[in-house]
Amino acid sequence: MEIRFRECDFFNIWIWLELDNVPSTMEQQYVEEIFDSWFFLGKLGGFNAENLQVQDGGHAISYMDYDNDAASDSLMSVMHNMSEVQFQGTWARCWFDLGTTDAVALDVLINTLQQFSKDYIAIKQVYIGGENEDWPIPRDQQADFVDAMH
């Protein structure tokens with residue numbers, strides 16, 4: 001699976017997946033669940049790189065002292081909106097307003113997609129940002145956003 005970054009604006013970004021085959025209805029649901037779950041965690045501030053205390057603690061986390069004050073003092077890091085996942089042929093795409101979330105969110109998504117590609121549906125490539133020449137972006141894409149908290 002190839003990962004390609006193109007022009008990225010965290011407040012207006014498309015993520016594109018090219019699958020090996022046209023996905024079945026069930027496979028489309030899997031892709032939708034990945035994006036929905038990722039967005040839900042982001043909307044709740046899960047990708048806050050300023051507060052990675054467990055990660056920064058290394059492997060020895062038994063009896064670790066978690067600093068709640070430090071967690072509370074970190075800046076908010078939340079995603080704002082996403083569109084519905086769209087499918088066309090072997091392509092899937094989804095628009096996001098990643099808001100103030102940190103770039104670690106994209107690492108988490110890429111890691112998820114890599115494992116998903118190995119275990120479930122082969123993904124040829126992932127484009128983060130930019131446009132796909134074969135599938136133009138609607139100029140009013142922000143009008144169809146959905147709120148994953150519904």
Side-chain angles (χ1 to χ4, degrees), residues 1-59 61 66 70-71 74-150:
M1 182 177 91
E2 285 188 49
I3 310 297
R4 294 190 176 154
F5 281 83
R6 298 184 293 183
E7 184 178 339
C8 292
D9 171 358
F10 263 48
F11 299 102
N12 182 20
I13 191 168
W14 284 88
I15 298 176
W16 308 79
L17 308 178
E18 184 182 14
L19 309 170
D20 267 354
N21 298 301
V22 175
S24 68
T25 302
M26 180 68 77
E27 292 169 335
Q28 288 180 5
Q29 289 174 348
Y30 289 152
V31 171
E32 290 168 353
E33 284 295 320
I34 289 171
F35 282 131
D36 286 342
S37 299
W38 179 68
F39 176 72
F40 188 68
L41 289 173
K43 187 145 180 95
L44 295 175
F47 304 116
N48 185 347
E50 198 174 309
N51 186 39
L52 295 176
Q53 294 180 50
V54 178
Q55 172 65 29
D56 293 344
H59 293 293
I61 61 171
Y66 192 86
S74 67
L75 296 174
M76 203 168 68
S77 176
V78 296
M79 292 184 189
H80 296 292
N81 293 311
M82 73 176 281
S83 70
E84 291 188 26
V85 181
Q86 301 169 358
F87 296 90
Q88 179 174 294
T90 58
W91 285 94
R93 72 179 182 188
C94 194
W95 171 86
F96 294 91
D97 175 347
L98 298 180
T100 58
T101 198
D102 291 316
V104 68
L106 292 171
D107 282 319
V108 170
L109 178 63
I110 290 166
N111 291 341
T112 301
L113 292 172
Q114 286 175 327
Q115 193 62 45
F116 179 75
S117 181
K118 290 176 189 173
D119 292 346
Y120 296 98
I121 303 166
I123 300 172
K124 286 184 185 179
Q125 55 189 343
V126 175
Y127 289 164
I128 299 185
E131 295 196 33
N132 183 335
E133 298 164 0
D134 299 330
W135 192 5
I137 294 172
R139 295 297 159 219
D140 62 342
Q141 80 272 5
Q142 293 181 13
D144 350 334
F145 75 85
V146 293
D147 186 341
M149 298 292 285
H150 64 281

Checklist entry - CZ of Phe39 to CZ of Phe47: how many Å apart, nearest 0.5 Å? => result 11.0 Å
Item to check | Least distance between heavy atoms, Leu109 atom then Ile15 atom | outcome: CD2-CD1, 3.7 Å
Next on the checklist: Which heavy atom of Gln88 sits nearest to which heavy atom of Asp134, and what is that distance?
Outcome noted: NE2-O, 3.8 Å
Checklist entry - In chain order, what residues pass the salt bridge (Lys or Arg N to Asp or Glu O under 4.0 Å) check against Glu133, with sequence neighbours excluded? => result none
Checklist entry - What distance separates Ile123 CD1 from Ile34 CD1, expressed to the nearest 0.5 Å? => result 6.5 Å
Checklist entry - Of all heavy-atom pairs between Phe10 and Ile13, which one has the smallest distance, and what is that distance? => result O-CG2, 4.4 Å
Checklist entry - So do the side chains of Met26 and Tyr120 get within less than 4.5 Å of each other, counting heavy atoms only? => result no
Next on the checklist: I'd like to know if the side chain of Thr90 and the backbone of Glu18 have a donor-acceptor N/O pair within less than 3.5 Å.
Outcome noted: no
Next on the checklist: Please give me the minimum heavy-atom distance between Cys94 and Ser83, naming the atom from each residue.
Outcome noted: SG-O, 3.3 Å
Next on the checklist: Is the ring pair Tyr30/Phe116 parallel, tilted or perpendicular, if the boundaries are 30 and 60 degrees?
Outcome noted: perpendicular
Next on the checklist: Please evaluate residues Phe96 and Thr101 with respect to the criterion side-chain contact (heavy atoms from CB on, under 4.5 Å), reporting the C-alpha separation (whole Å), side-chain torsions for both, the decisive distance (0.1 Å), and the verdict.
Outcome noted: CA-CA 11 Å; Phe96 294 91; Thr101 198; over 6 Å; no
Next on the checklist: Does Thr100 form a side-chain contact (heavy atoms from CB on, under 4.5 Å) with Leu75? I'd like the steps, not just the answer.
Outcome noted: CA-CA 9 Å; Thr100 58; Leu75 296 174; over 6 Å; no
Item to check | Asn48 side chain to Asp102 backbone, donor-acceptor under 3.5 Å | outcome: no
Item to check | Check: Asn132 main-chain N/O paired with Arg93 side-chain donor or acceptor under 3.5 Å | outcome: no
Item to check | Donor-acceptor pair, side chain of Thr112 and main chain of Val108, under 3.5 angstrom | outcome: yes
Item to check | From Asp36 atom CG to Leu41 atom CG, the distance as rounded to the nearest 0.5 Å | outcome: 11.0 Å
Checklist outcome for this item: Closest heavy-atom pair, Phe87 versus Pro23, reported as atoms and distance to 0.1 Å, is CD2-CG, 3.9 Å
Checklist outcome for this item: Looking only at heavy atoms, the pair that brings Met1 and Ile110 closest together is CE-O, 4.2 Å
Checklist entry - Can you list the residues that meet the side-chain contact (heavy atoms from CB on, under 4.5 Å) rule with Met76, with sequence neighbours excluded? => result Val78
Checklist entry - Can you name the residues that form a salt bridge (Lys or Arg N to Asp or Glu O under 4.0 Å) with Arg6, not counting sequence neighbours? => result none
Checklist entry - Can you tell me how far the CD atom of Gln29 sits from the OG atom of Ser24, to the nearest 0.5 Å? => result 8.5 Å
Checklist entry - Under the 3.5 angstrom rule, does the side chain of Gln53 hit a backbone N or O of Tyr66 as a donor-acceptor pair? => result no
Item to check | Euclidean distance, Leu113 CG relative to Lys118 NZ, rounded to 0.5 Å | outcome: 12.0 Å
Item to check | Option among Trp16, Trp91, Phe5, Trp135 that satisfies the ring-ring contact (aromatic ring centres under 6.0 Å, His included) test with Tyr127 | outcome: Trp91
Checklist entry - What distance do Met79 atom CE and Leu44 atom CG have between them, rounded to the nearest 0.5 Å? => result 10.5 Å
Item to check | Parallel, tilted or perpendicular: rings of Phe11 and His80 (30°, 60°) | outcome: parallel
